[in-house]
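Comments concern the structure below.
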Amino acid sequence: MTEGATSLTLVATGGLLVACGVYLLLAQSLTRLVLGFILAGNGLNVLILAAGGLGPADVLTQAMILTAIVITLGMAAYLLAMAYRTWQLTGDDLVQDDVEDRRIANEAHREDLRGELRAQRAEYRTERRAALALARHRRQELRDSLREARRELRARARLQRAIAARAEDYEYLEEETETDTDFTRPPERPAEPRTEPRTEPRTEPRTDKPAEPPSDPPSDKPADPPADPGGRP
Amino acid sequence: MKGLVPLPVLLPLFAVGLKFVLGPRRLRIQTLISLAVLTADLVISSILMVGADQHGPIVVQVGGFAAPLGITLVVDRFSGLMLAISSTVTLAVLVYSQSQRTADENEDEAGTPLAVFYPTYLVLAAGIADSFLAGDLFNLYVGFEVMLTASYVLMTIGGSEQRIRHGAVYIMVGASSSLLFVAAIAVAYAACGTVNLADLSTRLATTEPAVRLAVQVLLLTVFAVKAAVFPLSAWLPDSYPTAPAPVTAVFAGLLTKVGVYSLIRTQTLLFPHDGRTSLLYAVAALSMIVGILGAVAQADLKRLLSFTLVSHVGFLVLGLALGTVRALSGALFYAITHITVQTTLFLVTGLIERREGTADFGRLAGLARMSPLLGVLFFLPAMNLAGIPPLSGFVAKLALLQAAAAVGGVGAYFLLAAMLVTSLLTLYAMSKVWSRAFWRDPGEGLGKERERQIVFPGVAGVAVIRSTVGEARGIGGRRIATGENYPAGMLGATIALLLLSLAYTVWAGPIARYTTRAAAELLDPAAYVQAVQAVVGGAH
């Protein structure tokens, strides 16, 4: 160490070389690692040179640098041989992952997948629950409408039975009153004569369900409608 | 005495040269050279340890070069102790691996990687010795690099896909921390104009606190990576288990301890009065707890042991964090215990692999009945690691607990609790292994294997082919030969280390006195600085 002064250029060069070397040392490819090692090694040699200070040549720094160069060279040769061997064995020169690291990474990945699966299952469960609720609702609706239809059918059947009974009554009445039977108009027969007599007897049995089937008779007998509205009120 | 100091570094390196001259064929001579060199290493280290204890730090200026340029090697009590234990362990593992190799070769042809293994192993030993001996920051860096580069080769030996993959992580972490080390040296040199540890110690005291803090944090980070202290420890359990059993054993025993050694050395010597306690408290406690929780979760014996290694490095950092003589003494005692015990455990794991073809204790069963010797060899170090009373692990942990209690305060009691919890969980992990691999009914363990059994009636009876899924690979990267009989060398080395760890209990008194002296020396950097400057000639 001479005057305590040193060249800023030397220090900056050394620092830059070391920085580049460290950057390369972080790579996974062995070739890059070799380059990084050489760069950083030489950068440090420059730093040793800078450590010697300016002024008359410092013999010790040169001796140290020479030794360090030899060591770096030997290491570089060894690393290159190893990179070549890796290339022979695996087809690339990448440093492979640590087994333990990989195991831990796998475990973490598995845990991630498990979490994903759990989330999916939860989602599926809520979806399923919603679908089930919807289905139950639909079924309820269907059941309701079915019940409605059945009630309607029953009502219609009741009505038909009532009509049939009325018809019998009417026939019976007709037989009793002994009107002259005109055989030329059988289709109209139930319609016309039914109008008058039907009004009275129909109101009596119908007291329990008077307003129920308003549109039924027309579907059964097309001839009824003109008669019905008139007879019902 | 001084002439011996550089030898632990030089001898293995010369031996490596000699090995390459001899070529790969002369196996017997090669074997003899390795054994002779490491035995010599052990003898020299022991002499140095005793010498440093009796006469104070031994300082050598290599080659006689003057102060700023020369390389300083220092042996004090701490580095002497570490040198002795590391050369013991390297020798034992060498015997183990050579015996494994000769046994494997009987069934397999000699492969080329083996020609690389032993020279690299010796370079590793030299690097470790250099790191312990280094008296300046840059030489410490060189020692680390020698050791780490050798370890990179050993880690990827055989070049199988798995080893290259795990090796890439290990190497990139090592290389990055080395870059940081160079940065720390540059900053220290710019601030103080020296890299000699003794000079740095005196000069850093007078530099600006902010600069000192920068150097301190950089060095802490670098050595925490090498020592695998918790937030920077992720690389270790990933990379160590893939290496062959003897390599893992020596890595686990020594490499992290070199990091811990450097951590303790630099922090006590360079920053004797700077606050670091609360950070180190947190880091030590987290290392212990997180490491042992990692161990509890493992199913493979090698991985489990690697995690306990991270956890128990926390005990050593704790000694540094408490910073008293008692605590450091306990930490040093624990360091040598742990080096021995951890190495033994990995060697036993190698034997288990050899017998069963796997170290996965989900598949092992009934070993205690089938191989009682293996049971004893595993049980004693395992209990030692957990700190069960008569064993040396207990003695060391007790020393640390007492030190924590003596320091007092919320932080120290928190650490005390963390220590106890860690010991309990270690016991839990070890008994888990024991009850699965050793105590279970032999039929239970095979599980998957049983489905793979292919039974088909042959002419002479029934042939059963049992395939093992485990990829137990030997030194050369080939599948290891499994069998009932253990080669004598493998068994012998393991038993020797086990006996050594038992000896720590028997000679706990002298060892504790030695570590106390070493700790006192560590906490008084002035003596170290004085000894070095007397030889080197002070700051230039």
Side-chain angles (χ1 to χ4, degrees), chain A residues 1-2 4 6 11 14 18 21-22 25-28 30 33-34 36-41 43-53 58-61 63-65 67-68 70-72 74-79 81-90 93-101, chain B residues 65 67-71 136-139 141-142 144-146 148-149 152-153 155-156 159-169 171-172 174-176 178-196 203 234-235 237-239 241-242 294 297-298 303 307 540:
Chain A
M1 176 126 153
T2 46
T6 186
V11 176
V18 172
V22 168
L25 276 175
L26 297 176
Q28 207 181 5
L30 267 174
L33 288 174
V34 177
F37 178 73
I38 294 172
L39 271 184
L44 287 167
N45 289 343
V46 174
L47 286 183
I48 293 183
L49 196 63
D58 188 336
V59 193
L60 189 55
T61 53
M64 289 198 287
I65 291 169
T67 316
V70 172
I71 289 172
T72 313
M75 278 303 299
Y78 188 79
L79 284 173
M82 201 173 66
Y84 180 66
R85 180 70 180 149
T86 312
W87 178 77
Q88 270 188 332
L89 286 169
T90 61
D93 68 338
L94 297 181
V95 178
Q96 281 144 50
D97 292 337
D98 179 12
V99 185
E100 197 84 336
D101 283 357
Chain B
F65 283 104
L69 299 181
I71 291 169
D136 63 66
L137 216 48
F138 197 78
N139 195 21
Y141 166 69
V142 173
F144 259 109
E145 281 307 303
V146 171
L148 287 176
T149 313
Y152 300 153
V153 176
M155 179 65 79
T156 53
S160 70
E161 192 170 344
Q162 202 194 12
R163 279 189 193 159
I164 289 283
R165 187 199 99 43
H166 292 272
V169 175
I171 290 167
M172 285 327 297
S176 311
S178 296
L179 288 177
L180 212 56
F181 200 170
V182 178
I185 290 169
V187 174
Y189 190 71
C192 302
T194 180
V195 286
N196 189 295
R203 288 199 200 170
W235 56 272
D238 184 37
S239 53
T242 47
Q298 296 307 312
R303 280 187 79 94
F307 271 103
H540 56 285

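By convention in this document, chain letters (A, B, ...) are assigned in the order of the sequence lines, proteins followed by strands, and residues within each chain are numbered from 1.
No side-chain heavy atom of B/R165 sits under 4.5 Å from any side-chain heavy atom of A/T86. Looking at B/L179 and A/V18, their side chains never come closer than 4.5 Å, going by heavy atoms from C-beta outward.
Summarising the geometry of B/A168 relative to A/M82, their closest heavy-atom pair is CA-CE, 3.6 Å, with the distance given to 0.1 Å. When every heavy atom of A/Y78 is checked against every heavy atom of B/Y152, the shortest pair comes out as OH-O, 3.0 Å. Of all heavy-atom pairs between B/A186 and A/A51, the closest is O-CB, 3.4 Å.
Atom CG in A/L44 sits 8.5 Å away from atom CG in B/L180 (nearest 0.5 Å). Atoms OG1 and CZ, from B/T156 and A/R85 in turn, are 10.0 Å apart once rounded to the nearest 0.5 Å. Note that the CE atom of B/M172 and the CG atom of A/L26 stand 10.0 Å from one another [nearest 0.5 Å].
Both the backbone and the side chain of A/I48 come within contact range of chain B, each with at least one heavy atom under 4.5 Å from a heavy atom of that chain. Heavy atoms of A/M64 lying under 4.5 Å from chain B belong to its backbone as well as its side chain.
With chain B as the partner, the residue from A/N45, A/L47, A/L33, A/T72 showing the most heavy-atom pairs under 4.5 Å is A/L33. Per-residue counts of heavy-atom pairs under 4.5 Å with chain A were compared for B/L148, B/V153, B/V146; the largest is that of B/V153.
Applying the ring pair (Phe, Tyr, Trp, His ring centres under 6.0 Å) test to B/Y141 and every residue at least two apart in sequence or in another chain returns B/F138, B/F181.
The main-chain N or O of A/L60 is never found under 3.5 Å from a side-chain atom of B/Y189 such that the two would form a donor-acceptor pair.
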